[in-house]
J.: 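One structure is given below, represented as structure tokens, and several questions about it will come after.
Computed from heavy atoms alone, side chains included, the values below leave out hydrogens, waters and symmetry copies. Whatever order the structure lists ligands and atoms in, that order sets their numbers, starting from 1.
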Amino acid sequence: MERRTVLKIVGLGLGGALVAGGGGLGVYYAAARRDTVGKVDFATPLRIPPLAEPTTGTPGAVRFALDVQAGRTQLKAGAPTRTWGVNGTYLAPTIRARRGQAVELAVHNGLEEATSLHWHGMHLPAAMDGGPHQPVAAGGTWTPRWTVDQRAATLWYHPHVHGSTADHTYRGLTGMFIVDDPVGEGAEALNLPATYGVDDVPMIVQDRAFDGDNQFVERLPLAGSLGVIGDEILVNGTLGPFFDVTTRLVRLRLLNASNARLYHFGFSDARRFALVGTDGGLLAEPWETDRLHLSPGERAEIVVEFAPGETVDLRSYPSPDLGGTSGRLDGFADRLDICRFRAAGDLADETVLPATLGEAPDLDGVAATAERSFVLASDQINGRSMAMDRIDFGVRVGTVEVWEVINDNGYVHNFHVHDVQFQVLTVDGAVPPPHLRGWKDTVLLVPGSRYRLAMRFSDHTDPNVPYMYHCHLLQHEDDGMMGQFVVLDEGQDIGAVPGGHDHT
Ligand code: C2O
Ligand code: CU
Ligand code: CU
């Protein structure tokens, strides 16, 4: 144990000095605080994921071809890293579609094993969701179609094969899916920064551990509770990125695409920034802050103001109060450099931050048809592990439900629901903090916490094909901290999952 621990420390690049300093978990614990501030050479321009080029599909639909492939990517100096990507060798193109638009995605799997692509945050029929029941076989093509029917929002996509979501995602199958809303709430009506890659910047934030040969280290740490935690940060696949700012206001679409790491975002000069959107769309009004937590799967749209000629770094700061019993090993004490922003001497100044943005969620006070309780502990929800052929419950179409979610564990979890965006009604019985007052599909659950979430199931009934709810710490999900529900019509009963349990 001791020897493997030491090897692990060396493998993480935490320094040979520790080996000389002695062994044992005490040293591992002391070493577990990572601090990369001032050590990252911000020498590479931030890569901007290309926009997926639409083609014409089924009449009336816009079609995107997504080719999942394995390859090698030059992520750092020296040997290239074995990675997976979509239409490239690492990460995936940004898909953009408008509310009301019919979309069709041709997902071709060029890997040697089955995988899937799930549209995280999307409201759509369960059979199109890309979850564990829609695997795409090696060499196969899967073509889901649906009509985009939700607010402007920053969504994303990633694999969701049961038992392998963590590994498949870690290798690089991750992209953004931006929903635009030409008429209602949305940037176009509001004059928010909206030029992709210029003043509206996607930021897919991932931590990775590399071995001495520049390959991703996928194996789980000996200690720690969340899964693999890396010590190097990639943004859009760029290590040590800088971004050249050309406008006074810049919108950043932050996505925590890490398997396990929590980020506590802030800037090196402690400047304030405005949170304008959460998982499901714009907030009712901007909220000013200097720090923001994002757990795996969560997104935030923030607007940052820059002055001509300045340089400032985006970092992740420690959040020691959140980590529970193994917080330090799980990265909660870490301080990490993420991206440098370099403002030009002259900044264009055409956008303004509106005082009001979207509509506040309105489910508080709506009579709930059902209340359910979900207790997360020991890689299970309500004492049960995910089973492919077990539908845990059915919800009735047209109703609002309140789900109480409880972390009854010493470890950090979060909670994600497919198909819907929910409103956080209360956190430990109190009114939620400002960053949880917009539409959400994933929430952080620190140990001992209790959230009440309200959600409406408006359509897309299917008694046989379930949606998932789960912890989005991917190792926990793979280990079984997940369940399944169906949306039922009036008078309908829960059916049976097609194909039974043969996908596992
Ligand atoms: Cu981001 Cu069930 O997934
Ligand atoms: Cu999802
Ligand atoms: Cu968890």
J.: Do the ring centers of His470 and His160 come within less than 6.0 Å of each other?
T.: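 Centroid separation for His470 and His160: below 6.0 Å.
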J.: For the pair Gln423 (side chain) and Asp364 (backbone), establish whether a donor and an acceptor sit closer than 3.5 Å, ignoring hydrogens and angles.
T.: yes
J.: For the Cu ion (ligand 3), how many protein N, O or S atoms lie at less than 2.8 Å?
T.: 3
J.: Could you tell me if the ring centre of Trp146 sits under 6.0 Å from that of Trp119?
T.: yes
J.: Any salt bridge linking Arg96 with Asp180? Criterion: basic side-chain nitrogen under 4.0 Å from a carboxylate oxygen.
T.: yes
J.: Would you find a donor on one side and an acceptor on the other, under 3.5 Å apart, between the side chain of Arg299 and the backbone of Gly297?
T.: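 Yes: the side chain of Arg299 pairs with the backbone of Gly297.
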J.: Using the side chain to side chain donor-acceptor pair (under 3.5 Å) rule, pick out the option among His418, His472, His123, His120 that qualifies with Asp441.
T.: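 Exactly one option meets the side chain to side chain donor-acceptor pair (under 3.5 Å) with Asp441, and it is His120.
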J.: Looking only at heavy atoms, which two atoms of Gln150 and Leu155 are closest? And how far apart?
T.: NE2-CD1, 3.6 Å
J.: Does Arg261 come within less than 4.0 Å of Asp334, counting only side-chain N to carboxylate O?
T.: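 Judged by the 4.0 Å cut-off on N to carboxylate O distance, Arg261 and Asp334 do form a salt bridge.
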J.: Using a 6.0 Å distance limit plus a 45 degree cone around the ring axis, check whether Arg171 lies over the aromatic ring of Phe216.
T.: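 No, Arg171 does not lie over the aromatic ring of Phe216.
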J.: With the threshold set at 4.0 Å, does a side-chain nitrogen-carboxylate oxygen contact exist between Glu298 and Lys440?
T.: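 A salt bridge is present here (some side-chain N lies under 4.0 Å from a carboxylate O).
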J.: Anything protein N/O/S under 2.8 Å from atom 2 (Cu) of ligand 1? Just list residue and atom, please.
T.: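 As for protein N, O or S atoms lying under 2.8 Å from atom 2 (Cu) of ligand 1, they are His160 NE2, His418 NE2, His470 NE2.
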J.: Does any N, O or S atom of His118, backbone or side chain, fall under 2.8 Å from the Cu ion (ligand 2)?
T.: yes
